[in-house]
Amino acid sequence: IFVIALFSSLGLTPIIRRIAQRCDWLDVPLDERRLHSRPIPRLGGIAIYLTILISLAPLPLIDNLLTKAFWLSGAKVIGVLASATLVFLFGLYDDFKGSSATLKFIALFVGATVLFFAGVSVSAISMPFVGSISLPPLVSYGLTVLWIVGISNAFNLIDGMDGLAAGAGLFATLVMLVVSFVQG
């Protein structure tokens, strides 16, 4: 799956970039918020979204403990894909038409709510030397939505610097990998 994701992203990213350049779908630096000095292609999210779909496509053909656990969580998988698709489509709309901050928050709020009702939530907080504290459903919902909307906006804000969002995403993923191994 890693190899498929790697080669898909390496192949799709330049293709999407060329399409954006040819169609003049560029982010032109017209204000102080943008740190790039020349126009850069938009629509990088298409390469990311397609890479995820291509990487997940062969999972039904693989029979191991990971894929069995993956398919046992069917509602969560569908919820994650539905939420990601919703946010992806809104991102495309935003790239082409632009949208207000309020509309962006609403789209992320709806995406986070879809995740929560699919069973993906912050349901407990684990603290060193204390243990795990289970959260009531209403607190879990609020914290889940706050976390997803907050992290999404944080990455959106740092996306103006080349490589910063990707580097932060890689570091966050590696930390979650280590914590997941430690927590079992």
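The model shown is predicted, which means the values in this text are computed figures rather than measured ones.
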Enquirer: Listing request: all salt bridge (charged side-chain N to carboxylate O under 4.0 Å, His left out) pairs with a residue in residues 121-149, at least two apart in sequence or in separate chains.
Expert: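 For residues 121-149: none.
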
Enquirer: Please give me the minimum heavy-atom distance between I4 and S55, naming the atom from each residue.
Expert: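 Scanning both residues completely, I find the closest heavy atoms to be CG2-CA, 3.8 Å.
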
Enquirer: Under 3.5 Å, is there a donor-acceptor pair between the side chain of D27 and the main chain of I40?
Expert: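 No, because the side chain of D27 does not come within donor-acceptor range (under 3.5 Å) of the backbone of I40.
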
Enquirer: Using a 4.5 Å cut-off on heavy atoms from C-beta on, say whether the side chain of L81 contacts that of I78.
Expert: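 Side-chain contact under 4.5 Å: no.
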
Enquirer: Any donor-acceptor pair under 3.5 Å linking the side chain of S100 with the backbone of L103?
Expert: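 At least one qualifying donor-acceptor pair exists.
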
Enquirer: Are F105 and V145 in one and the same hydrophobic cluster, where Ile, Leu, Val, Met, Phe, Trp and Tyr link if side-chain heavy atoms are under 4.5 Å apart?
Expert: yes

Enquirer: Mind checking what makes ring pair (Phe, Tyr, Trp, His ring centres under 6.0 Å) contact with W25, not counting sequence neighbours?
Expert: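 Partners of W25 by the ring pair (Phe, Tyr, Trp, His ring centres under 6.0 Å) criterion, ordered by chain and then number, come out as F96.
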
Enquirer: State which residues pass ring pair (Phe, Tyr, Trp, His ring centres under 6.0 Å) with F109; sequence neighbours excluded, sorted by chain then number.
Expert: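 Listed in chain order: nothing, the list is empty.
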
Enquirer: May I ask you to decide if G79's main-chain N or O and S83's side chain share a donor-acceptor pair within less than 3.5 Å?
Expert: no

Enquirer: Applying ring-ring contact (aromatic ring centres under 6.0 Å, His included), which residue pairs with at least one partner in residues 118-139 are found, sequence neighbours left out?
Expert: none

Enquirer: Give me the atom names and distance for the closest heavy-atom approach of S123 to S140.
Expert: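 Looks like CA-OG, 3.7 Å.
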
Enquirer: Scan for salt bridge (charged side-chain N to carboxylate O under 4.0 Å, His left out) pairs involving residues 11-26, sequence neighbours excluded, and state none if there are none.
Expert: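 Listed once each, the pairs would be none.
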
Enquirer: Restricting to pairs with a member in residues 47-70, which pass salt bridge (charged side-chain N to carboxylate O under 4.0 Å, His left out), not counting sequence neighbours?
Expert: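 Checked against salt bridge (charged side-chain N to carboxylate O under 4.0 Å, His left out) - neighbours excluded - the pairs reaching residues 47-70 are D63-K68.
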
Enquirer: Count the heavy atoms of every other residue, nucleotide or ligand shown that sit under 6.0 Å from CG of L72, and state whether that count exceeds 12.
Expert: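 More than 12 within 6.0 Å, yes.
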
Enquirer: Identify the two heavy atoms, one from G169 and one from F155, that lie closest to each other, and give their separation to 0.1 Å.
Expert: N-CE2, 3.4 Å

Enquirer: Clusters formed by hydrophobic residues whose side-chain heavy atoms approach within less than 4.5 Å: which one holds I133, and what are its other members?
Expert: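 Besides I133, the hydrophobic cluster comprises V122, I125, M127, V130, L135, V139, L143, listed by chain and residue number.
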
Enquirer: Test of understanding: with side-chain contact (heavy atoms from CB on, under 4.5 Å), list the residues that count as partners of L59, not counting sequence neighbours.
Expert: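 With neighbours one apart ignored, the set is I1, L56, I62, T67, F70, W71.
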
Enquirer: I need the full list of ring-ring contact (aromatic ring centres under 6.0 Å, His included) pairs touching residues 39-59, with sequence neighbours left out, sorted by first then second residue.
Expert: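 Only Y49-F88 qualify under ring-ring contact (aromatic ring centres under 6.0 Å, His included).
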
Enquirer: Between atom CD1 of I148 and atom CG of L115, what is the distance when rounded to the nearest 0.5 Å?
Expert: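 It is 4.5 Å, given to the nearest 0.5 Å.
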
Enquirer: Could you state the interatomic distance from OG1 (T13) to CG (L43), rounded to the nearest 0.5 Å?
Expert: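 Separation between the atoms: 12.0 Å.
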
Enquirer: To the nearest 0.5 Å, what is the distance between OG1 (T51) and CG (L6)?
Expert: 9.5 Å

Enquirer: Above 12 or not: heavy atoms from other molecules or residues under 6.0 Å from CG of L65?
Expert: no

Enquirer: Indicate yes or no: at least one non-hydrogen side-chain atom of V87 is less than 4.5 angstrom from one of S152.
Expert: no

Enquirer: Quick one: do I19 and L12 end up in the same hydrophobic cluster if we chain Ile, Leu, Val, Met, Phe, Trp and Tyr together by side-chain heavy atoms under 4.5 Å apart?
Expert: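 Yes: a chain of side-chain contacts under 4.5 Å links I19 to L12.
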
Enquirer: Would I15 end up clustered with I54 when hydrophobic side chains under 4.5 Å apart are linked, directly or stepwise?
Expert: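 Linked within one cluster.
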
Enquirer: List, by chain and number, the other hydrophobic cluster members for V178, where Ile, Leu, Val, Met, Phe, Trp and Tyr join if side-chain heavy atoms come within less than 4.5 Å, directly or indirectly.
Expert: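 Other cluster members: V182.
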
Enquirer: CG of L89 to CG of D94: how many Å apart, nearest 0.5 Å?
Expert: 12.5 Å

Enquirer: Report yes if some heavy atom in the side chain of L26 is under 4.5 Å from a heavy atom in the side chain of Q21; otherwise report no.
Expert: yes

Enquirer: Sort out for me which residue in Y141, F116, W147 forms a side-chain contact (heavy atoms from CB on, under 4.5 Å) with S121.
Expert: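 Answer to the side-chain contact (heavy atoms from CB on, under 4.5 Å) test with S121 among Y141, F116, W147: F116.
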
Enquirer: Any side-chain heavy atom of F90 within less than 4.5 Å of one from S99?
Expert: yes

Enquirer: Supply the atom-to-atom distance I151 CD1 to N156 CG, rounded to the nearest 0.5 angstrom.
Expert: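 Going from the CD1 atom of I151 to the CG atom of N156 covers 12.5 Å.
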
Enquirer: My understanding is that only residues two or more places apart in sequence, or in another chain, count here; which of them pass side-chain hydrogen bond (donor to acceptor under 3.5 Å, both in side chains) with S9?
Expert: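 side-chain hydrogen bond (donor to acceptor under 3.5 Å, both in side chains) list for S9, sorted by chain: empty.
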
Enquirer: Which other residues belong to the hydrophobic cluster containing L177, where Ile, Leu, Val, Met, Phe, Trp and Tyr are joined when side-chain heavy atoms lie under 4.5 Å apart, directly or via other members?
Expert: F181

Enquirer: Hydrophobic clusters here meaning ILVMFWY residues chained together by side-chain heavy-atom distances under 4.5 Å, can you tell me if L92 and V114 are in one?
Expert: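 No, L92 does not connect to V114 through the hydrophobic network.
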
